[in-house]
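Notes for the one structure printed next.
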Protein chains: 2
Amino acid sequence: MRSSQNGGAMGGRAAGTGGGGPSAPVDKEVDYAQYFCTYSFLYHQKDMLSDRVRMDAYFNAVFQNKHHFEGKTVLDVGTGSGILAIWSAQAGARKVYAVEATKMADHARALVKANNLDHIVEVIEGSVEDISLPEKVDVIISEWMGYFLLRESMFDSVISARDRWLKPTGVMYPSHARMWLAPIKSNIADRKRNDFDGAMADWHNFSDEIKSYYGVDMGVLTKPFAEEQEKYYIQTAMWNDLNPQQIIGTPTIVKEMDCLTASVSEIEEVRSNVTSVINMEHTRLCGFGGWFDVQFSGRKEDPAQQEIELTTAPSEQHCTHWGQQVFIMSNPINVEEGDNLNLGLLMSRSKENHRLMEIELNCEIKEASGNPKESFKKTYFIE
Amino acid sequence: MRSSQNGGAMGGRAAGTGGGGPSAPVDKEVDYAQYFCTYSFLYHQKDMLSDRVRMDAYFNAVFQNKHHFEGKTVLDVGTGSGILAIWSAQAGARKVYAVEATKMADHARALVKANNLDHIVEVIEGSVEDISLPEKVDVIISEWMGYFLLRESMFDSVISARDRWLKPTGVMYPSHARMWLAPIKSNIADRKRNDFDGAMADWHNFSDEIKSYYGVDMGVLTKPFAEEQEKYYIQTAMWNDLNPQQIIGTPTIVKEMDCLTASVSEIEEVRSNVTSVINMEHTRLCGFGGWFDVQFSGRKEDPAQQEIELTTAPSEQHCTHWGQQVFIMSNPINVEEGDNLNLGLLMSRSKENHRLMEIELNCEIKEASGNPKESFKKTYFIE
């Protein structure tokens with residue numbers, strides 16, 4: 001035997017199959033092992049702290065809106081290295097509670113102390129759902145966004161914190177969020193199709209060899225192997241840093257969220273029907289790009305002095321560590337300028353791991369004249 | 001945030017930190033999520049089934065010792081795709097119980113049926129510790145070996161199966177196992193040292209930037225970051241396909257096991273004191289290579305007709321999917337032919353994950369004359 005290890009063949013594969021059955025309740029220990037442990041590495045923290053788009057947005061949101069922080073109490077959900085808690089204190093907060101589920105809490109505490117803010121920032125190790133604060137807070141700040149906004153399902157924890165600890169007049173940082181989807185052209189589609197075909201050719205050789213050397217007919221496993229490989233190469237969303245010129249139609253908003261009022265039920269299943277119009281001549285629809293943006297706008301009665309936006313949209317200048325999620329089509333379709341794509345999206349959580357996502361995408365393509373052209377339905381996984 | 005994903009920066013890092021404290025009891029659900037799930041991919045099964053050294057050894061062990069199988073009952077522990085169970089049946093077994101903890105059991109069942117052996121092979125989905133058989137068995141066959149033999153701690157399950165289900169006259173396949181350690185030369189040591197130095201240089205740039213752009217002094221995290229990186233680049237054993245010419249001293253056996261009598265206590269901690277003699281002129285000790293072999297010898301009263309050995313030693317001709325584990329020294333030492341290495345090895349299980357290993361290695365180098373030359377102590381991790 002040999003289970004996966006650094007450098008092993010399966011090293012890059014997501015291990016998304018927990019022991020639980022359909023809709024099993026979340027096992028906290030499993031969730032820790034599968035999810036939180038990533039954040040206990042300084043290497044990973046450094047990766048996030050090196051994302052200038054992310055850092056500039058939060059930095060500007062805090063320091064250009066000091067009125068939200070001066071003399072106020074702040075809760076940082078998932079503080080990691082403690083950076084947002086430190087900035088909140090530097091911007092004038094009276095008290096900052098910085099909650100972190102992993103052992104990274106020890107490093108955050110050291111960083112706070114080394115920056116002479118331990119009289120303001122209190123680092124608390126624990127799940128935000130479990131901990132207790134001595135007071136309600138004026139601001140909840142958190143960097144909770146995963147791929148395509150909702151992967152990781154971390155906003156559930158922010159909601160829990162908000163409902164328990166935010167004053168009725170409190171402000172959320174960020175305050176709003178949006179998910180975007182756009183049709184794209186990309187040669188990844190062809191490459192992944194080739195990878196899949198190669199894996200299957202390899203399987204057939206393998207199968208022939210097992211039969212001739214070892215007398216066992218593997219044929220019955222060809223179909224499940226193909227399904228597994230298709231999921232891996234074709235159906236699993238890919239990280240990509242798209243160029244804006246790869247976007248071949250109008251980007252559409254598939255979800256808008258007010259962080260002050262959003263509920264778990266509205267994010268555990270996202271349904272959307274939108275239309276995108278192809279705005280490029282003679283091109284190929286190779287799939288879709290998904291990304292998000294968040295806004296720091298304060299609240300209606302207590303708005304930001306300076307509205308800040310953090311966007312992970314395709315950009316010539318700026319790349320984020322989130323990039324975009326790409327959902328490819330193994331058989332691209334020729335499309336023309338003016339073609340309408342009616343898109344039906346249903347995003348739900350994986351039954352085996354509530355932090356991973358499944359997407360059903362329905363697409364009907366109509367010519368500018370209204371004539372139906374083609375339609376298809378695809379299932380994707382964000383792992 | 002962004003936890004690791006296929007292709008993500010942390011994708012290759014082992015997530016070895018479960019939620020449990022020191023000596024926490026094994027959480028079965030966590031263990032499933034961290035360990036067993038790897039084996040539920042056909043891709044991974046194919047990888048193991050493509051290892052000709054592994055396959056030939058088991059195939060020959062079974063078919064050149066049919067007397068152990070003809071008319072007998074067999075238990076296959078961790079059957080995976082079912083190959084060993086199928087061979088056992090083809091070699092004449094009356095009944096084969098094939099136990100598999102993952103959903104791979106469904107594929108094994110299909111493979112058994114497609115090969116017309118479902119009247120002999122019964123696939124049982126479950127942990128071997130939990131299942132019950134209607135009878136005791138004549139043979140236990142299992143491919144339980146992990147990196148450096150004991151990684152994965154799967155032999156614990158074989159022991160449990162043996163003590164519950166093997167007849168007093170029963171035979172183990174394999175019957176014996178050995179762990180080997182040898183001094184090596186390798187430029188991996190220099191490369192990894194460079195990688196580590198590069199990571200630290202990168203950290204210092206990063207730290208300067210965070211200070212100048214965002215006003216936070218990261219200095220206090222430099223030491224823990226260096227420790228994390230040292231563990232990753234230097235202290236974590238690496239998979240390698242060593243060339244026999246890289247071995248610069250006599251290989252030594254650090255552990256011998258009789259599979260019929262071995263106990264969990266003798267494998268959960270392995271202590272060994274051995275001597276290796278450098279047998280190459282003017283060379284550099286860059287670290288150590290670790291591997292294993294297993295023998296199919298039957299039992300004393302019922303020996304194999306044809307003894308078969310499966311070795312994962314460095315070889316010009318044969319490479320296995322196990323390769324060798326390499327424990328590097330970031331500062332290689334010049335050694336001479338005839339130098340004696342007195343090696344003290346202590347291998348124990350990781351407190352956070354009982355399937356991963358920690359190794360303490362003490363080395364005293366003496367010249368052929370007996371004069372002490374150098375000594376050091378290192379800690380390694382098999383992740």
Side-chain angles (χ1 to χ4, degrees), chain A residues 1-12 14-15 17-19 27 29-30 32-35 37-38 40-44 46-47 49-50 55 59 78 83 86 90 107 110-111 114-115 143-147 152 154 206 210 214-217 219-221 224-225 228 236 239 321-322 383, chain B residues 1-12 14-15 17-19 27 29-30 32-35 37-38 40-44 46-47 49-50 55 59 78 83 86 90 107 110-111 114-115 143-147 152 154 206 210 214-217 219-221 224-225 228 236 239 321-322 383:
Chain A
M1 295 256 171
R2 188 214 57 189
S3 67
S4 61
Q5 196 216 26
N6 295 339
M10 291 288 294
T17 48
D27 179 321
E29 300 291 316
V30 170
Y32 191 95
Q34 284 184 329
Y35 172 65
C37 61
T38 306
S40 66
F41 288 99
L42 281 167
Y43 178 92
H44 187 64
K46 171 172 170 285
D47 200 34
L49 293 166
S50 301
M55 290 288 276
F59 185 81
I83 193 84
I86 287 171
Q90 289 174 334
H107 297 315
L111 196 66
N115 285 272
E143 197 282 81
W144 51 267
M145 298 85 73
Y147 290 125
E152 303 183 34
M154 184 180 161
F206 158 78
I210 294 288
Y214 303 115
V216 177
D217 183 347
V220 71
L221 297 183
F225 182 77
E228 184 188 298
T236 301
W239 188 97
H321 77 294
W322 286 286
E383 302 237 295
Chain B
M1 295 257 170
R2 190 213 55 189
S3 66
S4 61
Q5 196 216 24
N6 296 340
M10 291 289 295
T17 48
D27 179 322
E29 300 292 315
V30 171
Y32 191 94
Q34 285 185 328
Y35 172 65
C37 62
T38 306
S40 66
F41 289 99
L42 280 168
Y43 178 91
H44 186 65
K46 171 173 170 285
D47 201 33
L49 293 166
S50 300
M55 291 287 276
F59 185 82
I83 193 83
I86 288 171
Q90 288 174 335
H107 296 315
L111 195 66
N115 285 272
E143 197 281 80
W144 52 267
M145 298 84 75
Y147 289 125
E152 303 182 34
M154 183 180 160
F206 157 78
I210 294 287
Y214 304 116
V216 177
D217 183 346
V220 71
L221 297 184
F225 182 78
E228 184 187 299
T236 300
W239 188 97
H321 76 294
W322 286 286
E383 302 237 297

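Proteins come first, then strands; the chains are lettered A, B, ... in the order of their sequence lines, and each starts at number 1.
Between B:V216 and A:Q90, some side-chain heavy-atom pair lies under the 4.5 Å cut-off.
Looking at A:F206, the atoms closer than 4.5 Å to chain B (heavy atoms on both sides) all sit in the side chain, from C-beta outward. Only the side chain of A:I86 comes within less than 4.5 Å of a heavy atom of chain B; its backbone N, CA, C and O stay farther away. The contact between A:F225 and chain B is made by backbone and side chain atoms together, counting heavy-atom distances below 4.5 Å. Proximity to chain A is limited to the side chain of B:I210, based on heavy atoms less than 4.5 angstrom apart. Of the two parts of A:N115, only the side chain, counted from C-beta on, holds a non-hydrogen atom closer than 4.5 Å to a non-hydrogen atom of chain B. For A:A110, the parts sitting under 4.5 Å from any heavy atom of chain B are the backbone and the side chain alike.
For chain A, the option among B:K46, B:H107, B:M55 with the highest count of heavy-atom pairs below 4.5 Å is B:K46.
If you take CZ on B:F41 and CD on A:E228, they are separated by 6.0 Å, rounding to the nearest 0.5 Å.
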